[in-house]
Each structure stands twice: as structure tokens, then as C-alpha cells.
Amino acid sequence: MNAHTSHPDIIKRLKRAEGHLKGIIAMLEAERSCLEIAQQLQAVESALGNAKKALVHDHIEHCLEHAIGDNPRDSGQAIREFKEITKYL
């Protein structure tokens with residue numbers, strides 16, 4: 001399987017989300033306002049969602065194309081995998 005060029009970007013997104021989570025914990029410990037905390041939680045949720053979409057789209061565009069391209073007769077497995085991964089979108 002070829003290297004995933006999207007993985008470095010996904011790692012950056014996840015590290016950003018990790019930093020936000022640490023910040024949220026500190027905000028809770030410091031008894032910051034619920035509004036501020038909710039805003040930061042939304043940022044984490046968005047970052048995770050974007051990372052997930054990037055991963056799924058990468059898989060669809062590269063892994064499944066590769067699987068079908070190698071042996072078109074085995075495309076049934078690639079289609080089943082496509083159906084399985086799209087539930088995460």
C-alpha cells in the first residue's frame with residue numbers, strides 16, 4: 001500500500017485537538033465560564049470531525065481505488081469496505 005499523504009495533516013489536526021482538550025481541562029479547573037468552555041469543546045469536536053473526514057476521504061480516494069485497480073474482479077470487497085467506512089462520515 002502506498003504512503004498516505006494525508007496522514008501528516010491528520011496528525012496536525014489531532015495534535016491541535018489534543019492541545020484544545022488540555023486547555024479545556026485547565027479552564028474547568030480554573031472555573032472559567034461555561035460559554036468559554038462550550039466554545040472550546042466545539043473547536044475540539046470540529047477538529048476531530050475534520051480529521052475523521054480527511055481520513056475517510058483519503059481511504060476512499062486512494063485505498064479503494066488501489067484495491068479495485070489491482071484486480072477489478074475483486075471489486076466486491078472494495079465496495080463492501082467502502083460501504084463500511086462511509087458510516088463514519
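No hydrogens, no waters, no symmetry mates; every other heavy atom, side chains included, goes into these values.
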Just how far is it from atom [atom1] of [X] to atom [atom2] of [Y], taken to the nearest 0.5 Å?
| X | Y | atom1 | atom2 | result |
| --- | --- | --- | --- | --- |
| Lys53 | Leu48 | NZ | CG | 12.0 Å |
| Glu36 | Leu28 | CD | CG | 11.0 Å |
| Ile10 | Lys52 | CD1 | NZ | 12.5 Å |
| Arg16 | Leu21 | CZ | CG | 13.0 Å |
| Arg13 | Asn50 | CZ | CG | 5.0 Å |

Please name the pair of heavy atoms, one in Val44 and one in Ala17, separated by the smallest distance, quoted to 0.1 Å.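 In terms of heavy atoms, the two residues are closest at CG2-O, 3.9 Å.
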Residue pair Met27 / Ile37: nearest heavy atoms and the distance that separates them: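 Looking at all heavy atoms of both residues, the shortest contact is CE-N, 3.7 Å.
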Could you walk me through whether His20 and Leu41 satisfy the side chain to side chain contact (heavy atoms under 4.5 Å, CB included) test, starting with their C-alpha distance in whole Å, then the side-chain angles of each, then the deciding distance to 0.1 Å, before giving a yes or no? CA-CA 8 Å; His20 277 293; Leu41 285 169; over 6 Å; no
Apply side chain to side chain contact (heavy atoms under 4.5 Å, CB included) to Ile11 and Lys15, showing your working. CA-CA 6 Å; Ile11 290 168; Lys15 286 184 178 186; 3.7 Å; yes
Considering residues, nucleotides and ligands other than Glu45, do more than 12 of their heavy atoms fall under 6.0 Å from its CD?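 Not more than 12 within 6.0 Å, no.
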